[in-house]
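Below, all heavy atoms of this structure are taken into account, side chains as well, without hydrogens, waters or symmetry copies.
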Amino acid sequence: MTAKQIRVMVLNDMEKLDRTLFRLEQGFELQFRLGPTLQGKHLHVHTNYPAEGERFERHKFRALDWINPSGREDDSDKFCTLDLKISGSYQYYFGHGDKEKSGGGYIVVDPVLRVGADNHVLPLDCISIQTYLSKCLGPLDEWLDRLRVTKETGYNMIHFTPLQTLGESRSCYSLADQLELNPDFSPPGQTYTWTDVGNLVEKMKNEWNMLCITDVVYNHTAANSKWIKKHPECGYNLVNSPHLKPAWVLDRALWHITCAIADGKYEDGGLPALIQNHEHLHAIRGVLWQDVFPKIKLWEFFQVKVEPTVEQFRDLLQSGEFLGGSQTLQLKIIQDPQYRRFGNTVDMNSALETFVPHGNSPGAIEDCCNWLRRRLEELNGEQYHEIQHHQEQATNCIDGTVSYERIADHGPKLGPVTRKHPLVTRYFTFSFEDATLEQDLEMMNQPEKSCHFLAHNGWVMGDDPLRNFAEPGSNVYIRRELICWGDSVKLRYGSGPEDCPYLWAHMQKYTEITAKHFVGVRLDNCHSTPLHVAEAMLAAARSVRPNLYVIAELFTGSELIDNVFVNRLGITSLIRAFHYLFASCCAKPV
């Protein structure tokens, strides 16, 4: 009989190891022992690894009991222990005295994969996986003939790109319905279901000794998904995300510039529809700075209306009214949460504390109002210059995009600017009839329409993967820094199911269907998927399939940040090279 393997984790005071990876196998015993800095202290260790017979709940922690084999009063050999029998990601923390948490970290327990009629173990470091583009495999009843080459060439795992109904772009990762099997897999007169897929997967496991995994795509849905039209709250729109209004205004203006260029309206000014050289790029810059930015006046979304604010201040001075303690140390513009033009305010208490009249005479009050007026104009000027910087960056990004897509030898050379191939990809959906820009902008303040202006998803070069670039505080959309996927809508989960119940329920069902039929999942676009969302969905998947194999497409640029994702999600392998269609995929164990 093989002796149980024991791993020891030495705990040290104030040691927070959230970015350190501890990978363990099922069947191991993990012992927590006291390091030198904790000897003699009354220490408590908590973990969310479930007790025997209980279900895992991420936010439910329990205290571990101390074992003192020698019975001595010193702490040199006492420990608390975990018998690791369930795969997944688990957290621990410890504290002493009045410190609830003085250190902690994560442990990742690997899954055990079994294959073949005899259910033998497939070691994780022996996985050899090949990717297939599911949409190219044809009817389901023909798959085995097409997959047999993978079996005969020695692979033991197949990764299928998503099997769901695809969006109108036909991209493998733009899904129109996460719950529906792609109808392309059913020949005329036949309707296959997820059960049929599961039967095929099981046949390959038992007869071919091959396991199958597929993708889960949590970060976006196809722009033409029927359910997103019924539930626009599931995306980032101008109602639930009004901070995107300035970016939307710029996006609409760029669309109208596309139409003008396509119609030849700028040709006399040196900007034809067919953009071929850097002189044409320079002409685009001119159009932006002369025709677009001055017209849409984005700075007004960030400025305060001076005269009404001064009059409010004057009334307070004349009445002698003081509203209470100031909430700010210095006078500054308070952003209007609805992002209306000139909708911003200032803290009047701060104004009253900053600009104090020398007396109660009308002249003294007028002087004070003039001081405030000058300061407000300065603050508005600062906002104007900040928006100018955003517009300069937007110009550079537009220039770079057009250069790559239409001029560069290594680019796609899209040809003339048309409505089908616009100057730049639109950042927001727009499902209404084309009108003038002025008419478009009127819809921004009509919630029944503006809730359907949904932000597209994409990729931001060099961005912080732990930050959601569509949330308030990010300027990615207004600065045009998003490499946009115009066929997909970015999904808005909020902080939990209570913020968007339909989306959470929809994606959990999608996850459970996937986990029921496949031994593992590939987390698409993991680096841009909110961590708390992926945590919750993988917990749902593991409740269906405890030994879930998890691969992640993870590109953070930092091993330490990679570890954050691996620790919190219980990732088994990372994608480091990805070649589609009959090419092997390197799924490197972490």
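Heavy atoms of other residues, nucleotides or ligands lying less than 6.0 angstrom from NZ of Lys295 number 12 at most. For His278, the NE2 atom sits in a loose shell: 12 or fewer heavy atoms of surrounding residues, nucleotides or ligands are nearer than 6.0 Å. Residue Lys135 places its NZ atom among more than 12 non-hydrogen atoms of other residues, nucleotides or ligands, all under 6.0 Å distant. The number of heavy-atom neighbours closer than 6.0 Å to CD of Glu378, taken from other residues, nucleotides and ligands shown, is above 12.
With contacts defined as side-chain heavy-atom distances shorter than 4.5 Å, the pair Trp485/Ser169 does not qualify. Proximity of Met537 to Gln508: side-chain heavy atoms (C-beta onward) are separated by under 4.5 Å at one or more points. Annotation: side chain of Val402 is in contact with side chain of Leu423 (closest heavy-atom distance under 4.5 Å). By the 4.5 Å heavy-atom criterion applied to side chains, Leu523 and Val216 are counted as neighbours.
Residues Tyr173 and Ser488 have side chains that never bring a donor and an acceptor to within less than 3.5 angstrom of each other. When only modelled atom types and interatomic distance are considered, Thr556 and His527 share no side-chain donor-acceptor pair under 3.5 Å. In summary, the side chains of Thr529 and Asn525 do not present any donor paired with an acceptor at a separation below 3.5 Å, with no hydrogens or angles considered. At a cut-off of 3.5 Å, with distance as the only test, a side-chain donor of Asn468 or Tyr236 sits close to an acceptor on the other residue. Between the side chains of His256 and Asp434, not a single donor N or O lies within less than 3.5 Å of an accepting N or O. Gln439 and Glu442 share no side-chain donor-acceptor pair at under 3.5 Å.
A distance-only check finds a donor-acceptor pair linking the side chain of Asn219 to the backbone of Ser528 [under 3.5 Å]. Formation of a donor-acceptor pair under 3.5 Å by the Ser450 side chain with backbone atoms of Val239 is not found in this model. Using a distance-only test at 3.5 Å, with no hydrogens or angles considered, a donor-acceptor pair links the side chain of Thr161 to the main chain of Ser134.
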Item to check | CA sep, side-chain torsions, deciding dist, call: Gln303, Glu300, side-chain hydrogen bond (donor to acceptor under 3.5 Å, both in side chains) | outcome: CA-CA 5 Å; Gln303 292 180 329; Glu300 293 180 349; over 6 Å; no

Checklist entry - Stepwise, does the salt bridge (charged side-chain N to carboxylate O under 4.0 Å, His left out) test hold for Arg492 with Glu471? => result CA-CA 9 Å; Arg492 179 181 179 271; Glu471 293 286 347; 5.2 Å; no

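In this pair, Trp289 and Phe293 present their aromatic rings perpendicular. The plane angle is above 60°, beyond the 30 to 60° band.
Aromatic ring centres of Trp143 and Phe160: separated by under 6.0 Å.
Comment: Arg419 engages Asp263 in a salt bridge, judged by a side-chain N to carboxylate O separation of less than 4.0 angstrom. One finds a salt bridge joining Arg285 and Glu392 here, because a Lys/Arg side-chain nitrogen approaches an Asp/Glu carboxylate oxygen to under 4.0 Å.
Atom-to-atom distance recorded for Thr429:OG1 and Asp487:CG is 12.5 Å, nearest 0.5 angstrom. Here the CE atom belonging to Met444 is positioned 6.0 Å from the NZ atom belonging to Lys245, to the nearest 0.5 angstrom. The line from CG of Asn457 to CG of Leu482 is 7.0 Å long, rounded to the nearest 0.5 Å. If you take OG on Ser225 and NZ on Lys230, they are separated by 12.0 Å, rounding to the nearest 0.5 Å. Rounded to the nearest 0.5 Å, atoms CD1 (Ile561) and CZ (Arg19) are 5.5 Å apart. Atom CD1 of Ile478 sits about 11.5 Å away from atom CG of Asp251, to the nearest 0.5 Å.
With a 6.0 Å cutoff to the six-membered ring centre and a 45° limit on the axis angle, Lys490 counts as a cation-pi contact of Phe469. Judged by a 6.0 Å distance limit and a 45° cone about the ring axis, Arg480 is positioned over the six-membered ring of Tyr427.
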